[in-house]
Visitor: 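Attaching a single structure in structure tokens format; questions to follow.
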Amino acid sequence: MATKVLMVCLGNICRSPLAEGIFRHLSHPSTYIVDSAGTANYHTGASPDRRSIAVAAKNGLDISGQKARQLTRNDLDAFDHILVMDEQNRRDALALCSTQTQRNKIELLTAASGHNATHIPDPYYGGEEGFETVFDLVSSCCNAWLAKH
Ligand code: 4NP
């Protein structure tokens, strides 16, 4: 049975849609099912940020069909791994948990990587270059995560 991975950020419009698209591209659909969600509900139903869509397209990935949704308690049971982008996401996801089994599923995407990054920086209030940085960092972290699983 396929392993289910959920990518989580704050708004589910910048980082986690890129993480979902990149992870799907790097993995095999019979091995992994991937989705994404945000800890906040600000952008529920929205398409990814145009800057995320653009950096994905520049790298050959189409993430334009994704729609933002909020992380739910059900996700904590439905997914095997919940990969969060930063410490605030981790705290917010942990706050939804009611069992140790659920808590054990939550990990920083950067934890698997061999480099020094401690989190995926939020690019929302910055320029386009922040999205390039996110794309590269998420790609290397997804590769590293897949190599360890
Ligand atoms: P994301 O970025 O968590 O990577 O999707 C953000 C998107 C929206 C907001 C903050 C971060 N916001 O405050 O609306």
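As the structure lists them, so they are numbered: ligands from 1, and atoms in each ligand from 1.
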Visitor: Classify the side-chain pair D92/N89 by whether it contains a donor and acceptor separated by less than 3.5 Å.
Guide: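 Not at all, the side chains of D92 and N89 share no donor-acceptor pair under 3.5 Å.
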Visitor: Minimum heavy-atom separation for I63 and G21, please, with both atom names.
Guide: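 Closest heavy-atom pair between I63 and G21: CG2-CA, 4.0 Å.
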Visitor: For H119 versus L137, what's the shortest heavy-atom pair and its separation?
Guide: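 Closest approach of H119 to L137, heavy atoms only: O-CD2, 3.8 Å.
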Visitor: Below 4.5 Å, heavy atoms only, C-beta onward: do D35 and E20 meet side chain to side chain?
Guide: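 Counting from C-beta outward, D35 and E20 do come under 4.5 Å.
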Visitor: State, yes or no, whether a side-chain contact exists between E107 and L83 at a heavy-atom distance under 4.5 Å.
Guide: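 In contact.
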Visitor: Write down, by chain and number, every protein residue that brings a non-hydrogen atom to less than 4.0 Å from an atom of ligand 1.
Guide: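 Close residues (ligand 1, cut-off 4.0 Å): C9, L10, G11, N12, I13, C14, R15, Y42, H43, D122, Y124, Y125.
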Visitor: In the single-linkage hydrophobic clustering (I, L, V, M, F, W, Y; side-chain heavy atoms under 4.5 Å), do I33 and L76 co-cluster?
Guide: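 No, I33 and L76 fall in different hydrophobic clusters.
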